[in-house]
Amino acid sequence: MPNRLLPMFTKLTAPLYCLWLIAAPQIASAQPEDWVTTPSAYEFSMTLTYTISIDGLVGANSTNAAAIFGADGTCRGWGTADFMGTSGFYTGLILVYSNSASEPGLEVRIWDATLDSLPQCLDEVDFVANGIQGSLADPVVFYAVYDPLVGCTDANACNYLSTAISDNGSCIYPGCNDEAACNYVVSSPCYDSNTCVFPDLYFDCNGDCLNDFDGDGICDELEIGGCLDDRACNYNPSATDDDCSCSFPFYPLDCDGNCYIDTDGDGVCEADEVLGCDDPVSCNFEPNATDNNGTCAYCCYSYYDGSDGFSIEVERYAGLGTEVPGLEGLTTFRVYLTCSDSADRVTAVLGSGGSSTFIGASSNFHQAPNGGLLITDIDSTLFADDLSVTLDSWLTIGLDHPTPGDGEEPISATSGLWSTLFELGEDVFIGGNSNDGWSVSSSSNNGIAGSDLKVLIGQFTSSSPIEGSLNVTVIPSGSSTPIQVNPLFIAPPCGCTDETACNYDPDSNYDDGTCQYPAIGVDCAGNCSSDSDGDGVCDEDEIQGCTDFLADNFSPLATDDFGCQFLGCTYLDAENYDAGANDDDGSCAFSLMNPCPTDLNGDGITAAGDILEMLAFYGQPCQ
């Protein structure tokens with residue numbers, strides 16, 4: 001069979017090999033007699049390092065020998081395999097001779113020293129002058145068998161015997177000759193690189209990292225930098241080394257930028273919500289508001305044409321639409337000129353320079369009989385005690401009570417048609433060229449704006465909103481020169497939006513809390529909602545009782561006649577029978593013809609005969 005071993009000599013074993021070659025014995029006991037070589041008879045030689053396998057047992061005996069014969073039957077060299085080589089097998093060395101530089105097919109013969117016999121060997125050697133075949137680490141294996149039908153039957157084994165049909169357990173398998181492999185063997189009867197097992201990349205053959213700077217069992221080349229904190233937004237479960245890159249959410253947002261808590265789902269976190277009115281069309285719109293807290297107000301006045309820091313403001317002071325009690329069905333408004341400096345001063349409201357003053361409503365103004373054109377015209381006692389006077393419609397410059405204080409003075413007004421009409425409940429209208437109006441002197445403290453930066457101009461009580469424009473004389477702070485400002489105010493589209501209310505206004509967009517409802521049992525006109533008997537008294541107000549003043553139980557509060565009682569004798573046979581009586585009062589008096597009515601037979605006594613006579617008529621109808 002062909003030799004599967006690589007015929008080569010390593011540099012490491014060459015010096016040892018040379019020493020062994022010099023010292024190796026050439027004669028062993030009892031080799032065949034024809035195993036004799038005459039080296040001087042040959043021109044060329046080569047070195048052969050070998051081991052012997054007999055019936056699959058490789059290099060197991062230190063006395064076995066091998067010889068090389070030419071085709072002419074001459075022994076070209078022989079030797080005993082008596083040196084334990086680095087391969088782990090008993091190894092021998094033969095100097096093979098030839099007169100040809102190349103002579104293939106030289107015969108190999110094996111001598112089994114144990115049995116002193118020559119087993120069959122089919123191996124051959126190809127002679128090459130000065131050649132070196134085999135080495136101590138990798139010797140050529142010569143295979144000999146006694147029975148060609150017994151041996152290694154595995155074709156993958158180094159000592160596979162193709163003629164064997166019975167395996168004797170002698171198979172020797174190829175080793176790995178790659179020093180980088182984990183299963184590298186220094187010597188083997190044959191090698192197969194496919195058997196080499198290499199460590200995983202970055203690991204040694206024990207499974208340990210070649211480089212592991214931090215000693216965490218993960219090779220440096222396989223480390224994955226990242227965030228190891230599972231609370232972080234960029235937590236990386238695949239990371240092996242913390243690279244200090246962890247980033248955390250900032251409350252109240254989570255890692256995705258979403259709110260932890262957002263109960264109304266508006267995208268604004270609960271902690272960042274700003275309560276207020278978020279409706280841009282409202283009077284009190286707050287641009288920063290994110291949560292509508294129900295405070296939006298829509299019934300505020302619109303103000304225009306303010307100038308030099310001056311404008312106007314209308315306040316719902318009392319009555320409908322406010323929390324302050326007022327006159328029934330009416331709202332009391334107060335009009336202010338707003339200023340930009342606490343030292344700004346108002347001196348007059350006029351019609352002058354072509355600019356008129358107008359304050360009006362769709363309904364008449366309330367004018368109390370004891371009221372006045374100006375606040376200072378009103379009796380202070382009545383003003384304090386009489387709500388009708390307190391909520392009278394009047395004009396002023398700064399004062400909200402009839403009695404001026406220190407540094408203040410009464411308001412003065414020009415007389416004319418405008419004031420007369422106003423006192424009659426009409427609108428205030430002062431023509432732009434009339435120079436009429438109301439005022440105080442520039443030295444008075446009435447018109448100073450003060451800390452609230454506004455000056456009261458007038459009070460107006462009406463069942464409908466007011467509107468108007470003013471021509472106001474003001475002296476700005478730090479100046480002695482008066483200027484005219486002409487602010488304009490327009491009522492909001494507000495009113496009663498409840499169709500069931502008496503003052504429902506279909507033109508109102510917003511409800512201002514002024515809705516008025518009829519009293520229970522009547523409609524808005526004061527008529528009964530239900531009056532089944534048509535007596536003008538609502539059913540809900542009816543009082544049952546006797547309405548006949550002659551009756552004994554007459555009730556002056558009764559509106560529905562029920563159960564009049566007339567007391568008297570109601571028995572017809574009574575001497576005092578009363579035909580008008582309907583309730584017997586026990587006063588009946590009777591007159592008897594027989595002083596002894598129980599003496600039926602007239603014998604002067606009441607006895608059994610009287611009873612028998614009565615029984616004779618028992619059960620018969622009276623005549």
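These figures come from a predicted structure and were not determined experimentally.
Residues I466 and V314 form a side-chain contact, since some pair of their non-hydrogen atoms from C-beta on lies under 4.5 Å apart.
Contact record, D216 with D241: OD2-OD1, 3.7 Å, taken as the closest heavy-atom pair. Between A271 and Y251, the closest heavy-atom pair is CB-CE2, 4.2 Å. The minimum heavy-atom distance linking D308 with I483 is given by the pair OD2-CD1, 3.7 Å. Residues T514 and N503 share a closest heavy-atom pair of O-ND2, 2.7 Å. Taking both residues in full, the closest heavy atoms of V281 and Y510 are given as CG2-OH, 4.0 Å, listed atom of the first, atom of the second, then distance. The minimum heavy-atom distance between F248 and D229, with the atom names listed, is CZ-OD2, 3.5 Å.
N99 contributes a side-chain N or O that, together with a main-chain N or O of E43, makes up a donor-acceptor pair within less than 3.5 Å. In terms of modelled atom types and a separation under 3.5 Å, the side chain of D344 and the main chain of C339 share no donor-acceptor contact. Of the possible donor and acceptor atoms, one in the side chain of N183 sits under 3.5 Å from a partner among the backbone N and O of V197. Under a 3.5 Å cut-off, the side chain of Y301 and the backbone N or O of E467 do not form any donor-acceptor pair. Without hydrogens or angle criteria, W111 side chain to A65 main chain gives no donor-acceptor distance under 3.5 Å. A distance-only check finds a donor-acceptor pair linking the side chain of D72 to the backbone of T74 [under 3.5 Å]. The backbone N or O of G267 sits less than 3.5 Å from a side-chain atom of D262, completing a donor-acceptor pair. Checked by atom type and distance alone, the side chain of T91 never pairs as donor or acceptor with a backbone atom of L136 at under 3.5 Å. At distances below 3.5 Å, not a single donor-acceptor pair connects side-chain atoms of D212 with backbone N or O atoms of C209. Looking only at distances, a side-chain donor or acceptor of T37 sits under 3.5 Å from a matching main-chain atom of C75.
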Derivation of the side chain to side chain donor-acceptor pair (under 3.5 Å) call for S117 and Y146: CA-CA 10 Å; S117 63; Y146 285 104; 2.6 Å; yes
Working for side chain to side chain contact (heavy atoms under 4.5 Å, CB included), residues I110 and L118: CA-CA 6 Å; I110 302 299; L118 296 171; 6.0 Å; no
Verdict with supporting geometry, V150 and V145, side chain to side chain contact (heavy atoms under 4.5 Å, CB included): CA-CA 8 Å; V150 177; V145 294; over 6 Å; no
Test log, rule side chain to side chain contact (heavy atoms under 4.5 Å, CB included), inputs S340 and L453: CA-CA 6 Å; S340 59; L453 301 180; over 6 Å; no
Chi angles and distances behind the side chain to side chain donor-acceptor pair (under 3.5 Å) call for N61, T114: CA-CA 8 Å; N61 194 311; T114 302; 2.8 Å; yes
Stepwise salt bridge (charged side-chain N to carboxylate O under 4.0 Å, His left out) test for E313 and R334: CA-CA 8 Å; E313 178 183 313; R334 285 189 171 183; over 6 Å; no
Verdict with supporting geometry, Q133 and V96, side chain to side chain contact (heavy atoms under 4.5 Å, CB included): CA-CA 10 Å; Q133 296 187 20; V96 183; over 6 Å; no
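Once rounded to the nearest 0.5 Å, the distance linking OG of S170 with CG of L161 reads 8.0 Å. Atoms CG and OH, from D498 and Y517 in turn, are 3.5 Å apart once rounded to the nearest 0.5 Å. How far CG of D220 is from CG of D214: 6.5 Å, rounded to the nearest 0.5 Å. Taking CG of N156 as the start and OH of Y173 as the end, the distance is 7.0 Å to the nearest 0.5 Å. Note that CG of D123 is 10.5 Å distant from CD of Q120, once rounded to the nearest 0.5 Å. Interatomic distance, SG of C152 versus CG of L57, reported as 11.5 Å (0.5 Å rounding).
Between C299 and C283, the SG-SG separation does not fall below 2.5 Å.
A ring-centre distance under 6.0 Å is found for Y50 and F142.
A side-chain donor-acceptor contact under 3.5 Å links D278 and N292. In the model, D167 has a side-chain atom that pairs as donor or acceptor with a side-chain atom of T153 under 3.5 Å. There is no side-chain donor-acceptor pair under 3.5 Å between Y298 and D512. Side chains of N130 and S45: a donor-acceptor N/O pair is absent below 3.5 angstrom, by distance only. Between D452 and Y336, the side chains place no donor N or O within less than 3.5 Å of an acceptor N or O (distance only, hydrogens not considered). Between the side chains of S245 and D243, at least one donor-acceptor pair of N or O atoms lies under 3.5 Å. For the residue pair E270 and T263, a side-chain donor N or O sits within less than 3.5 Å of a side-chain acceptor on the partner. Donor-acceptor pairing under 3.5 Å is lacking for the side chains of D279 and S282.
No more than 12 heavy atoms of other residues, nucleotides or ligands sit less than 6.0 Å from atom CD1 of I520.
Remark: R109 qualifies as a cation-pi partner of F69 under the 6.0 Å distance and 45° angle criteria applied to the six-membered ring.
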